[in-house]
Amino acid sequence: VATRRNLELTGTLQGKGKRGALLGVLDVTKSAMGGRLLRAWLEQPLYDVDRIGRRLDAVEELLGSRVLRERLWQQIRDISDLQRLLTRVVYMSANARELRAIHDTLRRVPPLREALRSCGSALLQTLCAELDGQPALCDELDAALVCEDIPASVKEGGIIRPGYHAEVDRLAGLVKNSRRTLADIEARERAATGIKNLKISYNKVFGYYLEVTKSYYDKVPEHYIRKQTLVNCERFITPELKALEGELLVAGERRAALEYELFCTLRGKVEQCGAQIGQTAAALAALDVLCALAEVAERGRYCR
């Protein structure tokens, strides 16, 4: 520990910051994962000559092609911290925003693999093979999760994309279009009964009801259930209206609960792919570090 501190590998003797230390010179990484890995490489250097040579071969190839470095960094600079996100998934604390971030990062894998296909160094070829964009998982996450204005909470609804689940769509439609639904029922009942002034109203005591004035009593169908008699009108309910009332009153809660259930299933699927995603995260971090080392080698005219 004392030797590492005196060598000022990751921090100076005067302070805890990396500025002025070797890490401060070498760290031009673009991602949090790359920054952590570079620190780990400096704190735990290789002593196997063959492995050192593989790393240097990769750095040399990247040093020789600024175009390739830029292609790789173009994707890497916008990736999320997959390693931290995966930890949150494992501990079941990841929310919809974080699953979307995992999706967005994995979608950047195919362009990276395409850029690496023509590389000659063994390490870059290995990293190319270790990158797995999980296309099936990404497709499902994209189909299931909204991509804009994602709520932070996973228990209040609004995280499942329309079209993914029929029951969620129906409940969301009930919540959003409850007035239109009631208006449609009202119009249909007027047409079926011939009661022109029939209307649907609501109060906290009786819930939703059909109101009919005395002048149309003779047209009230037998399946209407009398609920209340007033001076100038009577109020009725129907099994359909009562069922709809129950749905409308609890639709929001049921939708939120169902969305949470679907979200937990999605989070479980991400966890099942955790080993592959973790391997991809490690490969992304390594690519970032190798690009950084090639970049500082070019700037400082470092030689092998």
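With Phe236 as the aromatic partner, Lys227 does not meet the cation-pi criteria of under 6.0 angstrom to the ring centre and within 45 degrees of the ring axis.
In this structure, the side chain of Thr238 does not engage the main chain of Tyr224 through any donor-acceptor pair within 3.5 Å. Side-chain atoms of Glu211 do not come within 3.5 Å of backbone N or O of Arg235 as any donor-acceptor pair. Between the side chain of Glu186 and the backbone N or O of Ile200, at least one donor-acceptor pair lies under 3.5 Å. A donor-acceptor pair is defined here as one N or O able to donate and one able to accept, closer than 3.5 Å; no such pair exists between the side chain of Glu259 and the backbone of Glu156. A donor-acceptor contact shorter than 3.5 Å is absent between the side chain of Ser80 and the backbone of Leu82.
In this view, Arg77 and Lys30, Glu70, Trp73, Gln74 satisfy the side-chain contact (heavy atoms from CB on, under 4.5 Å) rule, not counting sequence neighbours. Not counting sequence neighbours, Glu261 has no partner by the salt bridge (charged side-chain N to carboxylate O under 4.0 Å, His left out) test. For Leu9, the side-chain contact (heavy atoms from CB on, under 4.5 Å) partners are Arg4, Leu7, Leu22, not counting sequence neighbours. Partners of Tyr208 according to the ring-ring contact (aromatic ring centres under 6.0 Å, His included) rule, which considers only residues two or more places apart in sequence or in another chain, are Tyr202. Partners of Arg55 according to the salt bridge (charged side-chain N to carboxylate O under 4.0 Å, His left out) rule, which considers only residues two or more places apart in sequence or in another chain, do not exist here. Scanning for salt bridge (charged side-chain N to carboxylate O under 4.0 Å, His left out) contacts around Asp81 gives Arg36, with sequence neighbours left out. Legend: residues meeting side-chain contact (heavy atoms from CB on, under 4.5 Å) with Ala282, ordered by chain and number and at least two apart, are absent.
The shortest distance between side-chain heavy atoms of Leu210 and Ile195 does not fall below 4.5 Å. Proximity of Asn203 to Tyr209: side-chain heavy atoms (C-beta onward) are separated by under 4.5 Å at one or more points. Using a 4.5 Å heavy-atom cutoff, the side chains of Asp139 and Asp142 are not in contact. Side-chain contact check for Leu287 versus Leu116: some heavy-atom pair is nearer than 4.5 Å.
Within 6.0 Å of NZ on Lys214 lie more than 12 heavy atoms contributed by other residues, nucleotides or ligands.
Each ring pair (Phe, Tyr, Trp, His ring centres under 6.0 Å) pair with one or both residues in residues 154-194, not counting sequence neighbours, would appear here, but there are none. For the side-chain hydrogen bond (donor to acceptor under 3.5 Å, both in side chains) condition, the pairs that include at least one residue of residues 86-96, sequence neighbours left out, are Arg88-Glu98. Pairs engaging residues 265-291 under the salt bridge (charged side-chain N to carboxylate O under 4.0 Å, His left out) rule: Glu140-Lys269 [sequence neighbours left out]. Applying the side-chain hydrogen bond (donor to acceptor under 3.5 Å, both in side chains) test to every pair with at least one member in residues 108-127, sequence neighbours left out, gives these pairs: Glu61-Ser121, Gln75-Arg108, Glu114-Arg117.
Ion pairing of Arg254 with Glu167 is present here, as a side-chain N (NZ or NE/NH1/NH2) and a carboxylate O approach within less than 4.0 Å.
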Residues 292-304, side-chain donor-acceptor partners within the protein, below 3.5 Å, at least two apart:
residue: Glu295; atom: OE1; partner: Arg66; partner atom: NH2; Å: 3.4
residue: Glu295; atom: OE1; partner: Arg69; partner atom: NE; Å: 3.3
residue: Glu295; atom: OE1; partner: Arg69; partner atom: NH2; Å: 3.1
residue: Glu295; atom: OE2; partner: Arg66; partner atom: NH2; Å: 3.3
residue: Glu295; atom: OE2; partner: Arg299; partner atom: NE; Å: 3.2
residue: Glu295; atom: OE2; partner: Arg299; partner atom: NH2; Å: 3.4
residue: Glu298; atom: OE1; partner: Arg66; partner atom: NE; Å: 3.2
residue: Glu298; atom: OE1; partner: Arg66; partner atom: NH2; Å: 2.3
residue: Glu298; atom: OE1; partner: Arg69; partner atom: NH2; Å: 3.1
residue: Arg304; atom: NH1; partner: Asp57; partner atom: OD1; Å: 2.8
residue: Arg304; atom: NH1; partner: Glu60; partner atom: OE1; Å: 2.7
residue: Arg304; atom: NH2; partner: Asp57; partner atom: OD1; Å: 3.0

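By the criterion of side-chain heavy atoms lying less than 4.5 angstrom apart, applied directly or through intervening Ile, Leu, Val, Met, Phe, Trp or Tyr residues, Ile237 is not grouped with Leu244; the two fall into different hydrophobic clusters.
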Is there a side-chain contact (heavy atoms from CB on, under 4.5 Å) between Thr105 and Leu284? Walk through the geometry before answering.
CA-CA 10 Å; Thr105 295; Leu284 289 170; 4.2 Å; yes
